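Heads up, the thing below is written out as structure tokens.
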Amino acid sequence: MPKPPRPATATTRTVAQVNQTVLLEVLRRNGSLSRQRLAAESGLSTATVHRLVEALRAAGLVLVEPERAPSSGGRPPQLIRYNAGAQTVLAVALRPRRVVGVVTDLHGTVLHEAERQWAPALGPDRTREPSAEELTGPLLALVDGLHGWAARHAGAPRALVVGVPGAVRDRGTGLVEFAPVLDWPGLRLRAPLQERLGVPVAVESNVDLVALAVQHSEAGAGVSDLVAVTVGIEVGAGMVLGGRLHRGRLGSAGALDHLMTDRRALERPAGRTGDTQARIGDRAVDLRITEAGLAVAGTSAERVAELFRLARAGVPAAVRLVDEFTDDLALLVARTISVLGPELVALGGRLIRESGGGMLPAIESRLQGRVPVLPQLMTIPATATELVGATAAAVRLADGATFITR
């Protein structure tokens, strides 16, 4: 009989890192505080706060203000302030045709940005599989450029977070199992980047980083459970549950593109294109517009915008197709709500953006009275990008926070 797994324990160093992160979060949220107020706000003992503040001062992450707090008697206490300008972090996001990245301070303020064009290695008619160096060349060149700029102008970076449009199966190695948008068959990114830079590195799915960006937006403030659903080339969801990013086993949580839509799905072999993706993914939307006999031209985004314009003009085929897309999205949201029970569901993608604001009310009206509890529905803000989420994650990584998967 196999032995039961050994219970997980935390080392003294891990506990100190977590408690330091708590103090930094309290200072970021509240501004300058005395050690006594820090203890009260964090729930840590005064002795622990004194010890950790000294460690944070030595690392340059907090400063002692020249002014002192008002005193109710005795010597006025010192005020401790978070030092956001002490160091920098790097955030990078891989997108279909380009790699973008930023250098930020520890408040997330962008100090420098850069991008590089990316194209599938060796082209679609290649006669051999590309090497890892050929696939990752633009990413490594961008990271080197960002690192060099930070070292020259703002202080060496303390952490890097990279967002990828694919599932990250092994966070230890940063294994991107398959990213069809990038034509990547499976690459381990974390170790090479960490060896190259000598700082902590994390590799995350772009949709998970969008969820973190929503969590850090005004609409997400104070929300413990939220889901960000993106409908694009792939259909996926990033989930923040109990205030923490939830990735699931082997990074499989949120793979909405593989939700089965009917019994016929049980007879089909597993493939890279799931049922939901085959109905509302970007390529499927293009195909369904054509099959509906609608004569709309232009880019994919322009075709979707024209579809909604025709529907508002009362063209029967366009009205029917928009209703079908709305039903598909409503069913997707309903399943997500029924399983997770989030406080907030944020939706993004071409169908949402090009609807002229009409899609969310239509989804909400379909779900009213048909789901256990209807959460707040919103469009993913234009500012809640994967790069913003990567920045937030990099700041936490620099602080020594540990992302905990439930």
Side-chain angles (χ1 to χ4, degrees), residues 95-98 165 180-181 206-207 210 214 219 227-237 256-262 264-265 271-337 344-371 374-386:
R95 294 171 180 168
R97 296 190 179 277
R98 59 198 178 108
V181 173
N206 277 348
V207 70
V210 170
V214 173
V227 180
V229 177
T230 61
V231 181
I233 295 175
E234 295 181 300
V235 183
L256 300 184
D257 43 6
H258 286 279
L259 278 178
M260 298 181 184
T261 55
D262 56 42
R264 289 172 296 179
R272 296 203 185 279
T273 302
D275 274 21
T276 302
Q277 183 182 350
R279 286 196 61 79
I280 57 175
D282 282 353
R283 293 189 180 98
V285 169
D286 266 344
L287 179 61
R288 289 172 70 179
I289 290 174
T290 300
E291 290 175 342
L294 294 165
V296 293
T299 65
S300 295
E302 290 168 345
R303 281 164 57 82
V304 173
E306 179 65 6
L307 167 66
F308 282 103
R309 190 194 69 77
L310 293 173
R312 288 191 293 270
V315 176
V319 171
R320 282 194 299 272
L321 188 54
V322 167
D323 280 343
E324 290 175 11
F325 285 142
T326 307
D327 290 345
D328 289 335
L329 284 169
L331 289 171
L332 181 66
V333 173
R335 293 177 183 125
T336 303
I337 292 170
L344 172 67
V345 175
L347 296 166
R350 193 168 295 158
L351 286 171
I352 303 296
R353 286 196 309 270
E354 305 299 339
S355 69
M359 186 63 82
L360 283 188
I363 292 173
E364 189 166 352
S365 68
R366 282 163 167 77
L367 299 184
Q368 196 72 49
R370 294 185 174 91
V371 294
L374 186 63
Q376 177 189 352
L377 301 182
M378 61 171 281
T379 301
I380 293 175
T383 54
T385 66
E386 65 270 42

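In this text the structure is predicted, and so the values were computed from the model without any measurement.
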Between [atom1] of [X] and [atom2] of [Y], what distance do you get to the nearest 0.5 Å?
X: Leu321; Y: Glu291; atom1: CG; atom2: CD; answer: 9.5 Å
X: Leu287; Y: Asp282; atom1: CG; atom2: CG; answer: 12.5 Å
X: His258; Y: Glu234; atom1: NE2; atom2: CD; answer: 7.5 Å
X: Met359; Y: Phe308; atom1: CE; atom2: CZ; answer: 3.5 Å

Could you check Thr379 against Leu360 for side-chain contact (heavy atoms from CB on, under 4.5 Å), going step by step and ending with a plain yes or no? CA-CA 8 Å; Thr379 301; Leu360 283 188; 3.3 Å; yes
Taking the side chain from [X] and the backbone from [Y], do they hold a donor-acceptor pair closer than 3.5 Å?
X: Asp275; Y: Thr261; result: yes
X: Thr276; Y: Leu259; result: yes
X: Gln277; Y: Ile233; result: yes

Can you run down the side chain to side chain donor-acceptor pair (under 3.5 Å) pairs that involve residues 313-332, sequence neighbours left out, and say none if there aren't any?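 For residues 313-332: Arg279-Asp328, Arg288-Glu324, Arg288-Asp328, Asp327-Arg366.
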For Arg309, give me all partners under salt bridge (charged side-chain N to carboxylate O under 4.0 Å, His left out), at least two apart in sequence or on another chain.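 Checked Arg309 against salt bridge (charged side-chain N to carboxylate O under 4.0 Å, His left out); matches are Glu306.
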Under a 4.5 Å cut-off applied to non-hydrogen side-chain atoms, are [X] and [Y] in contact?
X: Leu329; Y: Ile352; answer: yes
X: Val296; Y: Leu307; answer: no
X: Ser300; Y: Val285; answer: no

Smallest separation among heavy atoms of [X] and [Y], with atom names:
X: Val345; Y: Pro375; result: CG2-CG, 3.8 Å
X: Glu354; Y: Ala305; result: OE1-CB, 3.5 Å
X: Leu332; Y: Thr336; result: O-OG1, 3.0 Å
X: Val319; Y: Ala311; result: CG2-O, 3.5 Å
X: Ala228; Y: Val210; result: CB-CG1, 4.1 Å
X: Ala317; Y: Leu294; result: CB-CD2, 3.9 Å

List the steps, then state whether side-chain contact (heavy atoms from CB on, under 4.5 Å) holds for Arg303 with Thr290. CA-CA 10 Å; Arg303 281 164 57 82; Thr290 300; 2.9 Å; yes
Step by step, would you call Val231 with Leu347 a side-chain contact (heavy atoms from CB on, under 4.5 Å)? CA-CA 8 Å; Val231 181; Leu347 296 166; 5.9 Å; no
Is it the case that atom CZ in Arg370 sees more than 12 heavy atoms from other parts of the structure closer than 6.0 Å?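 Result for CZ/Arg370: open.
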